[in-house]
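Beneath this line is the structure, given in structure tokens, with notes to follow.
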Amino acid sequence: MFDYETLKFIWWLLVGTLLIGFAIMDGHDMGVCSLLPFVGKTDEERRVIINTIGPHWEGNQVWFITAGGAIFAALPLVYATAFSGFYWALMAVLWALFFRPVGFKYRSMVKDIRWRRAWDWGLFIGSFIPALIFGVAFGNLLLGVPFSFDEYLVSTYSGSFFELLHPFALLCGLVSVSMLIMQGGVYLAHRTMGDIQVRTIRFSSVSAILMVLLFVVAGFWVANLDGYVIVSHVDKGALIDPLSKTIERQAGAWLDNYHANSSLWTFPVLGVLMPLLAVGLLKWRRTLLAFFASSLAVLSVIMTVGVALFPFYMPSSSSLSASLTVWDSTSSHLTLMIMLYVLVLILPVVVAYTSWAYAVMRGKVTKAYIKENEHMLY
């Protein structure tokens with residue numbers, strides 16, 4: 001049905017779609033948990049906050065798991081290289097994520113304020129740290145990752161964990177954190193009322209404005225970074241062969257795709273305007289519309305990075321020719337085709353049951369509701 005070159009591009013779009021779905025859906029419950037110790041002043045208020053996402057957070061993890069599985073099967077070299085080079089960073093994400101399922105399940109089982117506060121901070125750690133590290137990882141992709149391949153295409157990472165903490169990468173991490181706190185705050189404002197909603201709107205508005213400022217600073221920084229450019233012929237329909245091309249680093253090259261197609265500037269522009277629109281809508285208590293604006297902001301920020309990097313997945317700073325691109329690091333034509341059929345069947349199911357779950361459990365979570373269902377909720 002599709003030729004190999006087209007399939008490679010389709011899977012670039014699909015992996016991006018899954019990452020965006022993860023950032024919007026799992027990102028908003030991470031944002032809620034990042035706000036938990038600050039927005040909820042009493043145990044009852046914190047139970048209200050947790051119960052806005054309690055029925056959904058496990059389902060939202062599907063986007064994360066599906067994205068990881070898609071990268072494993074469709075982009076095996078990217079998966080192997082990333083999980084090797086970012087090993088300790090990814091382990092830190094996993095260790096932090098352990099707090100989430102345990103915190104959600106065990107927090108309210110013991111009526112002890114110290115116990116519950118400890119799990120509140122556990123939920124905060126399990127959400128804030130992954131949000132930060134995901135942004136740091138994207139920042140390092142724009143900087144270039146120090147890896148190389150031998151003749152058997154076995155990757156070797158020559159950097160260290162602390163080299164990942166470059167100031168630019170940390171800036172990208174802060175963009176990610178503020179973006180997901182904005183996303184979570186807008187969702188929480190939609191599901192709550194009264195004092196909780198007022199505090200949430202204040203925190204999420206500040207986070208949205210901070211995100212815009214950091215995003216703009218990061219954009220100017222990217223404009224002055226050395227980007228990567230393929231300067232040799234590339235057979236876009238060839239099998240995996242990342243060492244057959246010539247790469248050069250050129251100042252400002254990460255903006256080449258935007259210069260080639262001015263319509264792509266829509267993404268960074270929306271990345272600036274949508275958070276500000278969300279702030280305005282929150283002020284007028286149009287919380288559902290604010291959530292759509294915030295989600296569009298998340299999509300735009302991720303697409304801004306994706307467009308800048310294209311066609312690169314993982315540029316190599318230590319061996320330029322080893323850089324992994326859309327054209328030379330994907331699975332076979334048959335594998336991509338089978339996976340496409342599977343995704344076309346499964347993704348609508350995921351979207352359908354997620355939409356159904358949110359539709360059934362819509363509405364405000366209140367203190368009265370928590371009191372009436374004391375033994376049934378989180």
query = Hey, does the side chain of His333 reach the backbone of Phe2 with a donor-acceptor pair shorter than 3.5 angstrom?
reply = yes
message = What's the separation between atom OG in Ser178 and atom CG in Leu213, rounded to the nearest 0.5 Å?
response = 9.5 Å
task = Looking only at non-hydrogen atoms, find the nearest pair between Leu340 and Trp11 and report the distance.
result = N-CZ2, 3.6 Å
query = Does the side chain of Ile129 reach to within under 4.5 Å of the side chain of Val93, using non-hydrogen atoms?
reply = no
inquiry  = Restricting to non-hydrogen atoms, name the atom on Met25 and the atom on Asn60 that form the minimum distance, rounded to 0.1 Å.
reply    = O-ND2, 3.3 Å
task = Indicate yes or no: at least one non-hydrogen side-chain atom of Ser300 is less than 4.5 angstrom from one of Leu273.
result = no
key: Evaluation steps, side-chain hydrogen bond (donor to acceptor under 3.5 Å, both in side chains), between Ser332 and Thr335   = CA-CA 5 Å; Ser332 68; Thr335 300; 2.9 Å; yes
task = Just do the side-chain contact (heavy atoms from CB on, under 4.5 Å) check on Val62 and Tyr353 with the steps written out, would you?
result = CA-CA 11 Å; Val62 170; Tyr353 82 66; 3.2 Å; yes
query = Are Val206 and Leu214 linked, directly or through other ILVMFWY residues, by side chains that come within less than 4.5 angstrom of each other?
reply = no
ask   = Side-chain donor-acceptor pair under 3.5 Å between Ser294 and Gln183, yes or no?
value = yes
task = Taking all heavy atoms of Val212 and all of Val272, pick out the closest pair and write down the distance.
result = CG2-O, 3.6 Å
ask   = Side chain of Ser331, backbone of Ala73: donor and acceptor closer than 3.5 Å?
value = yes
ask   = Can you check whether Pro146 reaches Ser158 side chain to side chain, under 4.5 Å on heavy atoms?
value = yes
query = Does Val229 offer a backbone N or O that forms a donor-acceptor pair with the side chain of Glu248 under 3.5 Å?
reply = no
query = Is a side-chain donor or acceptor of Tyr258 paired with a backbone partner of Thr304 at a separation under 3.5 angstrom?
reply = yes
request  = Could you label the plane-to-plane angle of the Phe124 and Trp121 rings as parallel, tilted or perpendicular, counting under 30° as parallel and over 60° as perpendicular?
outcome  = perpendicular
message = Assigning hydrophobic clusters by single linkage (Ile, Leu, Val, Met, Phe, Trp, Tyr; side-chain heavy-atom cutoff under 4.5 Å), is Tyr187 placed with Trp284?
response = no
ask   = Can you hop from Val15 to Tyr341 via hydrophobic side chains spaced under 4.5 Å?
value = yes
Check: Gly227 main-chain N/O paired with Gln250 side-chain donor or acceptor under 3.5 Å = no
request  = For Ile302 and Ala23, work out which heavy atoms get closest and say how close.
outcome  = CD1-CB, 3.5 Å
ask   = Is it the case that more than 12 heavy atoms not belonging to Trp265 sit under 6.0 Å from its CH2 atom?
value = yes
query = Short question: side chain of Thr330, backbone of Ala74 - any donor-acceptor pair under 3.5 Å?
reply = no
inquiry  = Within the 4.5 Å heavy-atom criterion, are Ser317 and Tyr228 side-chain neighbours or not?
reply    = yes
Donor-acceptor pair, side chain of Arg362 and main chain of Ala359, under 3.5 angstrom = yes
task = Measure from the side-chain N and O atoms of Ser316 to the backbone N and O of Phe147, and report whether any donor-acceptor pair falls under 3.5 Å.
result = yes
key: Side chain to side chain, Val301 and Met211, heavy atoms closer than 4.5 Å   = yes
task = Could you check Phe203 against Ile181 for side-chain contact (heavy atoms from CB on, under 4.5 Å), going step by step and ending with a plain yes or no?
result = CA-CA 8 Å; Phe203 273 96; Ile181 289 177; 5.7 Å; no
query = Can you tell me how far the CG atom of Leu320 sits from the CD1 atom of Ile230, to the nearest 0.5 Å?
reply = 11.5 Å
query = What residue pairs, at least two apart or across chains, pass salt bridge (Lys or Arg N to Asp or Glu O under 4.0 Å) with a residue in residues 202-228?
reply = none
message = To the closest 0.5 Å, what do you measure between CG (Leu13) and CE (Met303)?
response = 7.0 Å
request  = Decide if atom OH of Tyr358 counts as having more than 12 heavy atoms of other residues, nucleotides or ligands within a radius under 6.0 Å.
outcome  = yes
request  = Could you check Lys41, Arg46, Arg114 and say which one makes a salt bridge (charged side-chain N to carboxylate O under 4.0 Å, His left out) with Asp120?
outcome  = Arg46
query = Looking at side-chain heavy atoms only, is the closest gap between Asn140 and Phe86 below 4.5 Å?
reply = yes
request  = Inspect the surroundings of CZ in Arg249 and state if more than 12 heavy atoms from other residues, nucleotides or ligands are less than 6.0 Å away.
outcome  = yes
inquiry  = Rounded to the nearest 0.5 Å, what separates atom CD1 in Ile10 from atom OG1 in Thr17?
reply    = 11.0 Å
key: Residues Leu35, Arg199; criterion side-chain contact (heavy atoms from CB on, under 4.5 Å); working and verdict   = CA-CA 10 Å; Leu35 288 170; Arg199 292 188 212 110; over 6 Å; no
key: Intermediate values then yes/no, side-chain contact (heavy atoms from CB on, under 4.5 Å), Met274 and Leu299   = CA-CA 10 Å; Met274 287 299 104; Leu299 179 152; over 6 Å; no
inquiry  = So which atom in Pro311 and which in Trp327 form the shortest heavy-atom distance, rounded to 0.1 Å?
reply    = CB-NE1, 3.6 Å
Salt-bridge criterion met for Asp328 and Lys8 (N-O under 4.0 Å) = no
query = Can you pull the salt bridge (Lys or Arg N to Asp or Glu O under 4.0 Å) pairs that have at least one residue in residues 254-263, sequence neighbours excluded?
reply = none
query = Short question: side chain of Ser84, backbone of Ala80 - any donor-acceptor pair under 3.5 Å?
reply = no
ask   = Crowded around Phe38 CZ? As in, over 12 foreign heavy atoms under 6.0 Å?
value = yes
message = A side-chain contact here means heavy atoms from C-beta on lying under 4.5 Å apart; do Leu14 and Met339 qualify?
response = no
key: Carboxylate-amine/guanidinium contact Asp29 Arg100, below 4.0 Å   = yes
query = When rounded to the nearest 0.5 angstrom, what is the spacing between CZ in Phe149 and CG in Leu77?
reply = 5.0 Å
task = May I ask you to check whether over 12 heavy atoms, not counting those of Lys283, lie within 6.0 Å of atom NZ?
result = no
query = Does a donor on one side chain and an acceptor on the other come within less than 3.5 Å for Thr266 and Ser263?
reply = no
Candidate list Phe168, Phe215, Trp254, test ring pair (Phe, Tyr, Trp, His ring centres under 6.0 Å), partner Trp221, passing option = Phe168
query = Minimum heavy-atom separation for Trp119 to Gly103, with atom names?
reply = CE3-CA, 3.6 Å
task = Report yes or no: does Trp57 contribute a side-chain atom to a donor-acceptor pair with the main-chain N or O of Asp26 at less than 3.5 Å?
result = no
query = Can you tell me how far CD1 of Ile50 sits from CD1 of Ile370, rounded to the nearest 0.5 angstrom?
reply = 9.0 Å
query = For atom CE of Met193, is the number of surrounding heavy atoms from other residues, nucleotides or ligands below 6.0 Å larger than 12?
reply = no
message = Taking CZ in Arg116 as the centre, count heavy atoms belonging to other residues, nucleotides or ligands within less than 6.0 Å. Is the count above 12?
response = yes
query = So do Val48 and Lys364 actually touch side chain to side chain, heavy atoms under 4.5 Å?
reply = no
ask   = Going through the distances and angles, do Trp88 and Phe83 end up as a ring pair (Phe, Tyr, Trp, His ring centres under 6.0 Å)?
value = CA-CA 9 Å; Trp88 287 112; Phe83 276 67; over 10 Å; no
